Structures are given as C-alpha cells and as structure tokens.
Amino acid sequence: MDYNFTALEKKWQKRWGEKKIFEVKEEKKGKENFYCLEMFPYPSSSGLHIGHAFNYTIGDVYARFKKMQGFNVLHPMGYDSFGLPAENAAIKSHADPKEYTETAIKNFIKQQRLLGLSYDWTRVLMTHKPDYYKWDQFFFLKLFEKGLAYRKKSPVNWCPKCNTVLANEQVVNGKCWRHQDTDVEIRNLEQWFVKTTDYAEELLEMIEKLNWPEPIKMMQRNWIGRSEGAEVVFDIDGDKWPVFTTRPDTIFGVSFVVISLQHPRLMQLVSPDRKKEVEKFLKKMKSVKQEDLDKMEKEGVFIGRYAKNPMTNEKVPVYAGNFVVADYGSGMVMGVPAHDQRDFDFAVKYGLPMKAVIEPRDFEIYERNGQLPSAYEGDGELINSGEFTGMNNRKVIAEITKYLDKKKLGKVQVQFKMRDWLVSRQRYWGAPIPIVYCNDCGIVPVPEKDLPVLLPAKVEFGIGNPLETNEKFVNVKCPKCGMKARRETDTMDTFFDSSWYFLRFCDPQNSKKPFDFNRAMYWNPVDFYTGGAEHAVMHLMYARFFTKALRDLGFIEMDEPFTRLFNQGMIHGEDGFVMSKSRGNVVNPIDMIEKYGADALRLALVSFASPDKDTNWDENVLNGNFKFLRKLFSYFNAVKKFSKSDERMDSKINRAVKNVTDFIESMKYNYAIIEIRNLFNSFPDQTSRENLEKFLKLISPFCPHIAEEFWEKMGNKNFISVSSWPKADESRINEGFEMEEKIVERLAEDIKSVKNLISKREKPGAAYVYVIPNEKKVFEDNLDNLEKKTQIHVKIYSVSDKDKHDPLGKSKKAKPGKPAIYLE
RNA sequence: GCAGGGAUAGCGAAGUGGUCAAACGCGCGGGACUCAAGAUCCCGUCUCUUAGUGAGUUCGGAGGUUCGAAUCCUCUUCCCUGCACCA
C-alpha cells in the first residue's frame with residue numbers, strides 16, 4: 001500500500017472537525033489550562049506564505065504537546081483584517097475592501113486547515129467585523145475618559161495630487177507611490193495620540209520578568225530608551241525655551257541651539273526676515289520616515305534669533321535643523337561641537353565657533369593650528385567652565401544640575417526615547433475613531449450605546465480621504481446638544497486592533513462586553529506566544545501597554561500579556577535572500593503540501609534548523625523528510641504482530657521519551673526530530689505494541705495525520721491527538737547499555753574501516769576481535785549487533801585466551817574500550 | 001544613521017574554551033537489489049597517508065588573549081530584521 005498522504009490527511013482533518021476535539025471550554029475542572037497563541041496574520045490576498053506555515057507549525061506542535069500532557073489548551077486563530085493593502089487594492093483596481101479582505105480570509109482558512117492545525121475554529125475573530133471593532137471604539141473611549149487619548153499636531157506625508165495623507169509605505173524615494181512625478185510634502189495635522197509614555201517606566205521595569213528572547217528584550221529597552229539628564233532653560237528674547245541634555249557638564253561649551261523642524265512652535269520663533277528661508281527649507285524635507293531623515297545630510301537654517309546660555313549669559317544663534325527629533329525631549333538641543341560629533345559636523349558646515357570644555361588626560365585635543373580634529377566625546381577634567389573648572393566631568397553632572405535647579409534655570413529630568421502612540425490614520429479601511437466635533441461642545445465622544453460607529457460601505461476612492469468626502473458619514477448631530485456636528489474621519493492604527501485580540505479569543509461572541517472578566521482571566525496571560533521578530537517592538541510594546549491600561553481600567557487583572565515569547569527565524573529563498581515575487585524565489589506551502597503532504601512539510605519546517613534561526617529553504621530537506629515518512633508508513637503498515645520488548649529497547653524508548661519531551665519544551669524541535677528518527681532506526685523488525693504506540697505519540701505533534709492513522713490501525717478507538725503524552729521512566733534508562741553501544745559502535749567502525757582497506761586486495765571472511773578480559777561479556781552480548789553492522793563474521797577472544805587465532809600478533813594492541821582486531 | 005541578529009565542510013545546519021576534522025540531514029561517489037530506472041539497503045564523502053593509524057589545513061577576513069580558540073577580545077567585510085502611517 002502506498003503512502004497516500006492526501007487522502008490520509010483529508011480523512012483526519014475531517015474527523016478532528018467532526019468530533020470537535022480542539023474546541024475548548026473554560027469549565028474543565030481539575031485541568032490546568034494553557035493558552036498557546038500564534039500572532040494572527042494580516043490576510044494577504046496572496047495567501048499563506050512559508051513563514052506563516054512555519055509560525056503556525058511551531059505553535060501547533062507546542063499546543064498539541066501541551067494538550068497531550070493533559071492541559072486544557074486554548075489555541076485560537078484570527079485575522080488582523082483591517083489595513084492598507086485592501087485600501088490600496090481599492091484605489092488601484094476598484095476592489096471593495098470588505099470583499100477583497102473576506103475573500104482573502106476564506107482562502108487563508110482553507111490553507112490553514114490543510115496544514116492540520118489544531119485550532120478551535122469556533123473562536124475565529126476578524127478585526128474588520130463591527131462586532132470586533134465596536135470594542136476597539138469602546139476602549140478608545142475608555143482611554144479618552146482616562147485622559148490617555150489626546151489630540152496634538154503632528155507631521156504627516158502628504159501628496160498634493162491625491163490630496164491625501166500617505167503612509168510611509170506609500171512614499172517611494174520621496175515621491176508619491178501613484179505619482180512618481182510628485183514630491184511628497186510634510187504637513188502638520190491634528191491627530192489622536194495615546195499616552196503610552198505614561199507607562200514608560202513600568203514597561204521598562206517589567207521587561208526583566210518576561211520569559212522572552214534576550215534580543216527582543218534588549219530592543220524593547222532601547223526603544224523605550226530611558227535616559228537621565230537635565231532640562232536646561234534657554235532664554236530667547238524673553239521667552240523660556242527648555243532644552244533637554246544628557247550632558248549638562250558641557251554646558252559651558254554651547255555655541256548654538258537647534259530646534260526641530262517639526263517643532264509645533266517653530267514658526268512662532270522664527271524672526272520675520274528669516275521666515276522665507278525656513279519655509280523653503282521645510283519644503284525641501286520630503287518624508288517623515290525616520291530612516292529617510294537619518295540618511296539625509298545634517299542640515300539647518302538660521303532662524304534669526306539668539307538664545308542666552310543660562311550659565312554664561314552668552315548669546316548663541318538658534319538654528320532649525322533636520323536632525324532634531326521633535327518628540328524627544330523638548331524638540332530642541334544645545335550644540336556643543338567640541339564634544340559631540342554631530343554638533344561638530346554641523347558647526348563645521350555653518351562656520352560656528354567651537355569651545356572645548358573637557359580636557360582628557362594625556363591627550364592634546366587641539367591640533368597645532370588650534371583646530372579641533374574632531375569632537376572629543378570622552379571624559380576628562382572641565383576647562384573653561386567657571387567655578388566648575390578642574391572637576392571631573394562625570395562627577396560634575398549632578399552638581400551643575402543642582403546649581404541650575406537652585407537658580408530655577410533647569411532641573412533633573414528623565415527622558416524616554418519612546419514617544420506617545422499616534423493612533424490616527426487618515427484612511428478608510430480601519431475602525432472609525434468614535435468622536436464628534438461640535439462647534440459649541442467641542443470634542444464629544446460618541447455615547448457607548450451608539451457604538452459601533454459603522455464604517456460606511458461603498459465609498460469613493462481616489463481623491464482625498466474617502467470618509468471625509470462621505471457626507472452621510474461626516475454629518476451628524478452632536479450627541480450632547482443635538483446641533484449639527486462633524487464626525488471624526490480618522491480611523492485607528494491597526495495596531496490598536498491587535499493590542500487586545502488575545503483577550504477577545506477568550507469570549508469571542510460576547511455582544512455585551514469586549515470579554516467577560518472571568519473567562520479572560522481563566523486563560524490569560526498567554527502562556528506561549530509565537531511570531532516573527534519583526535514585531536519585536538511595536539506590536540509587542542502596544543499590546544503590553546494596552547494590558548497595563550486595561551488593568552488600570554479594571555477590565556483585567558494582570559500586568560503582562562505574554563508570559564513566554566518565541567521568535568521563529570525567517571525562512572529565506574533557496575538563493576539565501578528574502579522570498580519575494582520580484583526575486584522569484586517564493587515557495588508556496590500549499591504547493592508543497594500537494595507534492596509531499598502536510599505532515600512532511602511540518603516535519604521539514606522544524607527540522608531545517610533550530611526554529612529560532614534564520615534559514616534557507618531547501619526542497620531537498622522536505623523531500624528527505626517525506627522519504628522518512630514513507631519509510632515510517634511502510635514499516636507500520638507491515639506490522640502484523642507484536643513481540644516483547646527487552647531491556648535494551650526499554651532503555652532506548654525511555655531515553656527517547658525523556659529527550660523528545662525536553663527538546664520540545666525547550667523549543668529545540670530539530671533535536672527532537674533527530675531523536676525520533678534515531679529511535680525509529682533502532683526498531684527491530686518486531687517490537688512491542690507499547691513501544692510502537694509510544695513512538696507514534698512522540699511524532700504526533702509534528703506529523704499528526706500519519707500518527708492518527710496508525711494509532712487507529714493498531715486498534716485504538718479515540719484520537720492520538722487527545723491521548724496522553726508518554727512519561728519517561730528514568731529508572732529504565734540504562735546508561736551502561738548506552739556506553740556499551742558506543743564502544744560497540746566504535747569497534748564496528750574500526751572493523752568496517754579495516755575491511756574497506758584490505759578489500760582492495762582480498763575479501764575477508766571473518767574478523768577476530770581481541771578484548772581486555774573483563775570486557776569480553778560486553779562484546780559477546782552485542783555480537784549479533786556487531787555482525788549486522790559490519791556484515792562480516794565476528795569471533796571474539798580475550799587477549800589472555802591461549803588458543804586464540806592471532807597470526808599477526810595484533811592482540812597486543814588491545815586497550816580498554818578499544819579491542820584489537822585482525823581480519824582475514 | 002540608530003538598534004538587534006547572523007556568517008561553520010559541496011549545501012542546510014549542530015556546536016559557545018580542551019573529549020572537534022566538527023552531530024544530524026541533504027547532495028554527491030561506490031556497492032547490493034533490478035532487464036533497466038526509481039525506490040530501498042550498505043559503504044564512503046577536508047587533504048595526504050595507513051590494517052582500525054598518523055600528519056596537515058579548516059569554522060566570513062585580519063590581528064590579539066590563552067598551555068589550548070569554531071567557541072573569548074579588537075578591527076573589518078558581507079547578509080538579515082526593526083526604526084514609530086506595512087502589519
């Protein structure tokens with residue numbers, strides 16, 4: 001009988017569905033629960049890619065493993081279905097975003113089923129459905145009530161031809177994605193922000209407690225970017241302008257001040273005669289993308305004002321510069337060219353003076369002509385610094401700050417690099433922000449009973465924001481006074497949707513509440529969360545923030561959403577590069593399933609490499625795994641009778657059970673597979689039913705279909721997927737046997753090697769082995785094994801045997817653990 | 001630019017101070033089986049040498065630390081991920 005994986009896999013997928021074995025309820029008393037979650041996908045119209053298959057296989061193996069270990073396992077799937085691609089398709093090819101998205105979802109579900117994933121399909125959620133985004137809006141209002149959502153001006157990419165805001169992705173080389181001849185402009189618009197910075201300190205502190213990969217934790221720390229420094233107040237024509245610095249020790253060296261180009265009060269500060277210059281410079285800036293800004297040369301323009309250094313009362317020029325981040329600190333920095341390379345470059349470019357205020361020991365910072373070769377960023381003694389001259393610069397930081405504080409010219413300040421979360425999107429395909437603007441009442445939240453604010457169907461795409469041009473949507477009565485008012489036309493960032501979806505999975509049909517407290521808390525926090533490292537900061541940070549905010553709003557009682565995080569590596573194309581259509585190296589998992597079956601694909605995906613490592617796709621590996629399954633199939637197919645196990649086999653089985661369990665638990669799936677393969681290879685033609693069943697259980701999380709098939713064939717009535725995971729009996733693991741096997745293996749290698757060497761001139765008929773007397777028994781016990789491995793007749797002597805056959809006197813070479821040999 | 005990760009035999013990949021010429025898989029070569037191919041099984045697979053041995057050269061590149069380095073440090077090249085409106 002052939003290994004007809006297609007029919008076999010279909011059969012089991014159908015049965016799992018019919019018997020609802022993966023549907024779960026909270027009420028399972030006496031069972032520990034386990035929440036296993038893979039990051040839900042954006043349902044792209046091109047369907048599942050290999051990275052998805054990898055991600056879901058990793059999670060599925062773990063979920064199945066935990067289920068067999070007796071946990072009540074929640075393993076759900078959903079779709080992050082709002083987002084830009086659907087809207088782009090609407091603009092480009094007049095597709096209806098809803099239809100477009102739902103078609104893609106159907107396709108995703110179909111493909112995911114083919115992988116044999118153990119999801120509870122009754123809990124599927126889709127963020128574009130009103131019964132989901134209603135609760136996005138609900139939470140937005142809660143955040144707003146608590147003062148955690150607010151409005152502020154912020155720069156956006158703007159295309160004058162589309163008459164709309166562009167996403168970073170829609171900006172290509174500074175031009176609009178649809179109009180290659182049109183420069184993107186920067187505009188400042190009123191936008192909604194969420195105060196993630198209120199939780200910055202806690203978000204940072206709690207990283208320590210997470211069972212997450214270290215690199216991700218590091219990236220989160222850096223993203224939050226806590227730094228201690230001082231806020232120093234500069235006087236500019238009578239107004240106080242605060243400047244944040246981590247280096248107050250260099251304050252005597254300030255020779256200019258730079259304000260961010262995106263600073264909301266920039267134009268107030270510019271002197272009238274410099275307005276034109278500054279505006280010209282502003283126009284030159286093409287995009288708000290961080291990487292674009294960084295690639296640009298550090299440039300600035302003098303704005304016609306002078307700032308007074310609070311320590312020296314010296315007046316220094318104020319510039320507007322493209323390298324100052326508006327949202328960090330106060331959006332203004334002090335320039336100390338002698339001790340900061342960026343300031344140094346800027347000063348060189350604009351001919352600004354430099355003044356060294358730190359002198360390193362044993363180092364002459366001025367070259368002979370009195371010029372600084374570069375900024376000196378190290379430590380040393382202060383010079384030219386008034387009463388602080390001669391002190392160590394690191395030690396003096398606190399003192400200078402104290403001094404400024406006493407004189408009310410500054411204060412100690414903790415700064416975070418993390419900025420508040422901009423949640424407004426000037427886009428159609430997202431959850432509408434539930435706010436109304438009334439001339440009399442101002443900003444009015446939509447009352448809870450009126451939620452959801454439905455996203456209108458059949459809108460016009462192409463010119464401007466489709467919600468803004470939709471009169472029916474925009475024109476409403478003020479919920480407070482009943483007069484004419486306008487609806488907010490911004491929708492929410494899709495990260496808003498994905499910040500709490502793991503809670504909704506616990507109670508996905510609830511129409512009264514986002515979720516029931518008890519149900520959510522039965523499962524949460526998520527015990528095991530898997531996804532790509534591309535979410536290292538944003539999604540994972542927003543979800544952590546949301547969890548803390550919802551905790552403080554009383555919706556949940558937990559501090560962190562994801563107890564253990566696992567990042568799978570990226571699978572590159574066979575050429576070693578990222579899979580992409582343009583490179584033509586894309587591998588479609590569905591094609592692979594058709595060719596080799598889902599079990600083989602699942603097995604291959606986790607045996608390529610350690611699942612956390614990036615790796616290159618190689619169809620040969622898949623083929624190799626397929627061959628292994630075919631071998632397995634014919635072996636089990638041929639099983640007619642069982643025999644008794646023996647001590648050696650028991651030792652092997654228990655060793656394998658122990659190792660596979662440990663390897664799965666520690667996410668070393670590739671090692672688990674090696675262990676499983678070795679166990680299979682060590683099976684004799686016949687062994688006990690118990691051994692075979694244990695083997696099937698071990699492989700079932702990886703290859704559930706084929707495992708079910710033979711589990712059934714062996715007469716079991718229920719599913720292997722819900723059977724119990726084998727427990728290793730460590731007392732039956734015999735390390736003596738394992739040692740023996742090693743030395744026997746080594747001896748076999750030696751015999752084979754000699755056999756090969758002499759086979760050129762003669763064909764040996766027998767191998768004579770001379771062992772240390774007390775080892776004789778070991779080799780005799782393994783004689784069959786030895787002959788099987790070497791394919792030659794073996795005769796064993798003790799070196800002390802008088803009547804041994806040893807014409808060349810080889811027996812003298814025998815050492816403990818390494819017998820001497822002679823072949824003829 | 002900033003932040004994080006990576007580079008190991010023909011290929012993929014294990015290995016983070018000695019037990020390493022380096023697990024495992026693939027590919028390739030040879031043999032068995034077959035009319036033949038495929039499948040399967042066995043043997044081999046850094047180089048030279050050899051009755052199981054011995055020697056040499058390897059772990060992106062260049063230096064360094066150490067009795068000893070794939071493993072630790074410094075510099076360097078290339079690749080991957082994220083950088084706040086892609087999700």
Side-chain angles (χ1 to χ4, degrees), chain A residues 39-42 44 80 82-85 88 154 156-157 165-171 191 196 213-219 221-223 225 288-296 298 323 327 342 417-427 430 493-495 497-498 532-539 541-542 567 569-570 572 574 576-578 604 607-610 612-625 627-628 630-631 634 668 670-671 673-675 677-678 746-747 749-759 764 767 789 791 808 810 813 818-823:
Chain A
M39 291 182 185
F40 70 161
Y42 173 78
S44 135
D80 193 10
F82 270 137
L84 198 59
N88 286 347
S154 182
V156 291
N157 300 307
V165 172
L166 298 181
N168 276 342
E169 197 186 56
Q170 295 170 319
V171 180
Q191 311 226 46
T196 44
E214 267 318 310
I216 304 294
K217 288 164 81 167
M218 177 104 66
M219 281 193 245
R221 275 183 217 113
N222 290 335
W223 180 267
V288 294
K289 264 194 259 189
Q290 194 62 41
E291 39 184 326
D292 291 353
L293 284 177
D294 289 334
K295 267 182 214 142
M296 258 180 248
K298 311 285 172 265
F323 60 95
D327 301 291
R342 211 169 34 178
K417 215 185 303 172
M418 185 169 85
R419 319 203 283 261
D420 278 340
W421 176 15
L422 195 167
V423 294
S424 295
R425 296 291 181 274
Q426 290 72 42
R427 237 172 287 296
D493 178 7
T494 54
F495 279 125
D497 312 334
S498 57
E534 66 271 22
H535 293 292
V537 271
M538 304 183 71
H539 160 60
M541 190 68 82
Y542 296 138
N567 280 123
M570 277 256 289
H572 299 156
E574 271 175 314
F577 293 103
V578 181
S607 59
F608 267 112
S610 175
D612 58 333
K613 287 272 167 68
D614 290 354
T615 184
N616 295 353
W617 175 258
D618 183 356
E619 197 170 328
N620 283 323
V621 173
L622 175 53
N623 190 244
N625 281 288
K627 284 201 250 178
F628 171 69
R630 198 169 47 191
K631 215 190 301 180
S634 57
K668 290 178 179 162
N670 52 331
Y671 274 28
I673 304 296
I674 290 173
E675 199 71 40
R677 275 175 175 255
N678 286 343
R746 215 180 309 155
L747 176 62
E749 292 289 318
D750 287 348
I751 294 175
K752 280 192 280 189
S753 141
V754 176
K755 193 178 152 197
N756 280 330
L757 273 169
I758 62 171
S759 66
K789 278 186 171 141
Q791 297 288 300
L808 293 180
K810 291 281 181 191
K813 287 192 170 179
K818 193 168 170 63
I821 51 180
Y822 169 67
L823 270 72

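What you see is a predicted model; the values in this text were computed from it and never measured. In what follows, chains carry the letters A, B, and so on, assigned in the order in which the sequence lines appear, proteins first and then strands, with residues in each chain numbered from 1.
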Looking at every strand, decide which applies to [X] at a 4.0 Å heavy-atom threshold: base, sugar-phosphate, or nothing.
{"X": "A/Ile821", "result": "base"}
{"X": "A/Met541", "result": "nothing"}
{"X": "A/Trp421", "result": "nothing"}
{"X": "A/Pro819", "result": "base"}
{"X": "A/Val165", "result": "base"}
{"X": "A/Leu422", "result": "base"}
{"X": "A/Met538", "result": "base"}

For B/C59 versus B/U16, give the span between their C1' atoms, rounded off to a whole number of Å.
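13 Å, rounded to whole Å.
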
What interatomic distance, in whole Å, is found between P of B/C79 and the corresponding atom of B/C73?
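Comparing P positions in B/C73 and B/C79 gives a spacing of 24 Å.
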
Restricting both atoms to N or O, compile the protein contacts to nucleotides 42-49 of chain B shorter than 3.5 Å, with distance only.
from: B/C43; atom 1: OP1; to: A/Lys752; atom 2: NZ; distance (Å): 2.7
from: B/C43; atom 1: O2'; to: A/Asn756; atom 2: ND2; distance (Å): 3.2

Please identify each residue that fulfils side-chain contact (heavy atoms from CB on, under 4.5 Å) with A/Val537, with sequence neighbours left out.
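A/Val537: side-chain contact (heavy atoms from CB on, under 4.5 Å) contacts with A/Met219, A/Gln220, A/Trp223.
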
Mapping A/Ala533 and A/Met219 onto RNA chain B by nearest heavy atom, which one lands closer to the 5' end?
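Upstream on the strand: A/Met219.
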
Residue mapping more 5' on RNA chain B - nearest nucleotide basis, A/Pro215 or A/Ser498:
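Its nearest nucleotide being more 5', the pick is A/Pro215.
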
Quick check: A/Phe495 with A/Trp421 (ring centres under 6.0 Å apart)?
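Ring centres of A/Phe495 and A/Trp421 not closer than 6.0 Å.
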
Please tell me if [X] has a side-chain N or O lying less than 4.0 Å from either OP1 or OP2 of [N].
{"X": "A/Thr615", "N": "B/A13", "result": "yes"}
{"X": "A/Arg630", "N": "B/U40", "result": "yes"}
{"X": "A/Lys631", "N": "B/C41", "result": "yes"}

Please list, for nucleotides 17-28 of chain B, all pairs of protein and nucleotide N/O atoms separated by less than 3.5 Å.
none

Has A/Asp420 got a side-chain atom pairing as donor or acceptor with A/Thr196's backbone, closer than 3.5 angstrom?
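Confirmed, A/Asp420 side chain pairs with A/Thr196 backbone.
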
Considering only side-chain heavy atoms of A/Phe495, which listed nucleotide, B/A87, B/A51, B/A14, is closest?
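From the listed options, B/A87 comes nearest.
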
